[in-house]
Amino acid sequence: MATTSPPAQAPDVRVVPDEQDRSSSHLYVSMGPQHPSTHGVLRLKARIDGERIVDVDPDIGYLHRCFEKHSEQLTYPQIVPYTDRCDYLAAINNELTFALAVEKLLGLEVPPRAQYLRVITMELQRIASHLIAFGTFAMDLGATTAFLYCWRERESIINLLEEISGARMLFHYVRIGGVRNDVTDDWLRRVRAFVDDFISDKLPQYHRLITGNRLFVRRTKGIAVLTPEDAIAWGASGPVLRGSGVARDLRKVEPYCGIEKYDFNVPVGENGDVFDRYMVRMLEMEESAKIIKQALEGIEAGDVMAPLPRRWKVEGETYVRTEGPKGEVGCYLVGDGSDKPYRLHWRAPSFVHLQLIPVISKGLLIADLVAVIGSLDPVFGEVDR
Amino acid sequence: MQLEQSLVQWVGNLYAAGLSWWTSLGIPEWVWVALMAVLKGVAVLTFLLLNVLFLIWLERKVAGRIQRRPGPMHHGPQGIFQTLFDALKLVIKEDIIPSQADKWVFITAPLVMIAPALMIWVVMPFGPDLIARDLNVGLLYVSAVSSFSILALIMAGWSSNNKWSTLGAMRSAAQMISYEIPLGLALVAVGMLAGTLSLKGIVEAQQERTWFLLLQPLGFLVFIVAATAEINRAPFNLPEAESELVAGFNTEYSGFRWGVFFVAEYANLLFMAGMAATLFLGGWSGPAFLPPFLWWLLKTYLFVFLIMWVGWTLPRIRVDQLMELGWKFLIPVGLANIALTGVFVILT
Amino acid sequence: MADEEKELQSQEAPAEGSRGEHGEKQRPARRTRTPKKEEAPGPHDTLEDLPGELARAVERIRAGLPGVEVRGRRDHWLEIRTEPSRWVEVATFLRDDPELRFDYLALLTGIDRLDDGFEVVVHLNALTSNLRLILRTQVPREEPVCPTLTGVWPGANWHEREAYDLLGIRFEGHPDLRRILLKEDWVGHPLRKDYIDRRPPRKIQVKADWERRA
């Protein structure tokens with residue numbers, strides 16, 4: 001490996017708009033990185049005219065922690081917990097993506113029980129993540145109460161997952177070759193009870209509280225419309241893409257973990273506005289619950305871990321993607337035959353979605369900008385990595 | 001009723017006795033009158049501040065219950081002393097004035113905010129004789145004093161030298177000016193019906209006829225919406241919309257100054273609820289098993305609870321929709337209500 | 001260091017079932033079974049007999065883009081390797097060809113291949129037919145310049161900014177090529193294999209209260 005120092009490069013200096021410029025009536029505001037509704041550490045450099053947004057430039061990187069560089073120094077099993085921290089609200093989906101990528105390169109077969117457990121935990125995680133998306137979105141619009149209602153169900157999910165993994169957010173449950181722990185029948189019964197209660201009681205509550213509210217509908221319908229053409233061209237995925245009416249779900253087009261055996265629908269929106277993105281998430285929770293129910297019925301006894309190779313020789317490259325709650329979670333993995341990856345690139349859906357903010361929020365009000373961020377549901381662990 | 005009347009009588013006797021003793025000392029009578037006015041003011045203020053402390057606690061409890069959580073639980077039974085300790089904390093916090101702020105405007109803004117919030121209580125009839133001063137232009141006084149707080153918000157927003165504060169101040173100016181008008185229209189209709197602008201007179205008029213809530217349903221609707229907007233409560237809490245403007249006009253305020261804004265806000269909430277009770281629910285009048293003052297308190301807290309309930313349930317309205325609601329709905333309805341009331345008054 | 005590594009390796013690779021010097025350190029035999037799949041081709045290897053749809057797509061690409069290397073992989077991704085000079089042309093063809101329509105850019109990233117320069121890798125997707133394609137090119141290390149794809153897929157914008165930020169690949173014609181994750185005055189590109197953090201050590205000294213008083 002070459003050890004020469006990189007050539008000294010001139011720092012990239014860009015022209016910063018002159019904030020003291022009095023010739024226009026525009027006001028430059030810096031929304032974030034500490035702002036109550038930028039979902040973490042997003043900074044939006046907005047140029048506004050009154051309350052209308054003329055131009056907005058997202059500034060990210062405040063949570064950059066060199067995940068990709070770091071993982072080049074770690075063995076494959078060591079990387080798994082680091083992937084948790086990407087989308088920390090949906091840790092299982094990240095672990096799963098990475099585990100699938102390594103398994104693909106190793107040619108590992110995962111035992112069927114582990115497949116079922118992966119599906120159950122992944123869909124539970126999707127519900128938990130969508131609950132936060134919904135709750136914070138409602139809170140951004142000023143409806144604080146919905147947020148705490150979501151916390152109640154998310155807490156149940158976290159308790160269930162804590163029981164099998166020992167952690168409350170960054171589970172480290174899905175491992176390369178299977179899952180960490182087996183579950184008891186009692187646990188499965190309680191998942192069942194939770195899902196039944198969620199569908200019959202809790203979800204309708206949310207719809208009564210928020211979806212039917214006229215203030216909410218008027219604030220979200222027709223706002224920040226993302227056309228299907230734009231959505232595809234800008235690489236949107238997940239609920240953002242489906243909200244625009246493109247029925248693309250990686251669970252359908254590139255099935256993994258045996259998800260092709262399950263019967264579920266892919267909800268799509270009609271107009272591609274904030275409301276549709278919200279609604280797609282709400283409907284997806286129902287579909288996730290459906291998948292969990294089927295998995296609970298089909299689950300079979302057996303091992304939960306495949307026998308792992310004693311020496312890790314991961315060679316070749318692959319790009320594995322799964323349908324995370326935020327969108328297409330991708331792991332581009334290049335192995336050079338050693339036990340550490342040569343290159344790992346994490347395709348974070350939120351990273352791609354943030355590009356859309358300037359595209360769809362021109363001419364909106366500041367209050368709408370908040371709704372737009374909420375409807376894109378970015379998580380900064382994965383944006384900045 | 002009996003007890004309160006005798007109490008009032010007793011106080012009146014005391015007053016007269018004190019006055020005669022005072023004049024016997026050779027000091028002019030107006031000093032005594034002024035002194036007594038101050039005393040009355042202090043009494044109202046004490047009552048008000050105690051209520052504000054209670055209200056803040058109540059708000060937390062109501063919000064907590066609505067959101068399936070207990071709210072404050074430490075410090076006293078059900079956390080009743082929580083606000084007291086919060087107030088203490090605010091008082092002993094460091095007083096921060098941003099270096100780029102317009103210092104004197106920054107300092108006076110909370111005072112300009114709290115002064116009208118306290119002044120306005122002069123005309124509030126707590127009971128048949130429990131009123132600091134029964135002005136015959138009571139309604140006019142209310143609408144005049146309540147619009148004062150715009151000035152304070154603009155001062156606070158502007159002097160902070162913070163873009164979010166300025167935006168919050170601009171929002172509040174637009175909002176309060178827009179909602180002053182429907183509020184005034186609702187008050188006019190009530191005045192027409194009662195034939196007087198004195199709040200005491202309005203309550204007595206309701207005793208004669210019936211609650212104005214039944215005679216003025218439209219006016220009540222306009223009033224309660226406009227009042228909620230006027231005191232910046234959710235869903236109309238745009239000037240301080242925390243998820244949009246950080247904290248709006250009071251972004252840069254902390255410690256005691258912020259506490260003053262807070263107290264003023266709750267004093268306004270209590271006042272608007274009291275006004276709603278007085279104008280539309282017959283104020284202190286009610287069956288005799290409770291003293292009039294308690295009737296007033298009961299009705300007021302009913303409205304307080306209503307406003308809190310709405311606030312913790314609904315999402316916030318957007319700024320252009322707020323203007324639409326004010327100018328395109330409330331003002332026409334308010335005007336129509338005046339016309340209807342005029343016809344009604346002529347016919348009866 | 002090297003000796004240590006050798007030692008580690010020798011420790012790691014004892015014959016199956018044997019016991020080392022410290023027998024208790026060996027894992028149970030169940031776990032030491034090595035899968036027999038090591039010789040099996042990986043998902044990235046070439047697949048000769050492609051299924052019909054992929055074969056048609058390969059034909060189409062060969063016809064439309066003469067001189068471009070294209071192959072199908074075992075994991076059913078197509079792969080195209082091209083020169084940086086034909087980068088945009090190839091991309092535009094892939095997007096606009098009515099039978100291919102690779103309209104969705106899933107990922108654009110770079111890899112530091114040391115002496116072979118930098119590799120730019122693009123993962124494409126055709127949403128209607130669900131064809132998948134990897135587009136790659138190599139740029140020299142001394143002059144890592146690659147044309148931008150933002151004109152073809154606007155979504156490439158931030159991906160390219162990230163590759164520029166972390167790997168130092170300059171995308172010519174990019175509308176707004178500046179650092180995205182790192183600070184704007186950062187020196188160097190950390191994902192390069194030869195990157196050395198040359199920042200001076202931090203001068204923040206944390207002292208406990210009693211130390212400060214002493």
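Chain identifiers are assigned alphabetically (A, B, ...) following the order of the sequence lines, protein sequences preceding nucleic acid strands; residue numbering begins at 1 within each chain. Keep in mind it's a predicted model, so treat the numbers as computed, not measured.
Within a 6.0 Å radius of NZ in B:K103, other residues, nucleotides and ligands contribute 12 heavy atoms or fewer. When the shell of 6.0 Å around CZ of B:F54 is examined, it contains more than 12 heavy atoms from other residues, nucleotides or ligands. By the 6.0 Å contact criterion, CD on A:Q205 is enclosed, its count of non-hydrogen atoms from other residues, nucleotides or ligands being greater than 12. Heavy-atom neighbours of A:E163 CD from other residues, nucleotides or ligands within 6.0 Å: above the threshold of 12. The 12-atom threshold is not exceeded at CZ of B:F148, counting heavy atoms of other residues, nucleotides or ligands nearer than 6.0 Å. Within 6.0 Å of CH2 on B:W158 lie no more than 12 heavy atoms contributed by other residues, nucleotides or ligands.
Side-chain contact check for A:L148 versus B:R68: every heavy-atom pair is 4.5 Å or farther apart. Side-chain contact between B:W164 and A:M31 is present, with heavy atoms from C-beta onward closer than 4.5 Å. In this structure, B:T313 and A:T145 have side chains that are not in contact, with every pair of non-hydrogen atoms separated by 4.5 Å or more. A 4.5 Å side-chain heavy-atom check between A:E51 and B:M170 finds every atom pair outside the cut-off.
Among residues at least two apart or in separate chains, side-chain hydrogen bond (donor to acceptor under 3.5 Å, both in side chains) pairs with a member in residues 363-379 of chain A are A:R277-A:S375, A:D368-B:R318.
The CD1 atom of A:I366 sits 5.0 Å away from the CG atom of B:L167 when rounded to the nearest 0.5 Å.
A:L369 does not touch chain B: none of its heavy atoms, backbone or side chain, sits under 4.5 Å away. A:R218 touches chain B through backbone and side chain together, each having a heavy atom under 4.5 Å away. The part of A:I223 that comes within reach of chain B is its side chain, from C-beta onward, which places non-hydrogen atoms under 4.5 angstrom from that chain. Residue contact with chain B, scored on non-hydrogen atoms closer than 4.5 Å, involves the side chain of A:Y149 exclusively.
Between B:P315 and A:L215, the shortest heavy-atom contact is O-CD1, 3.3 Å.
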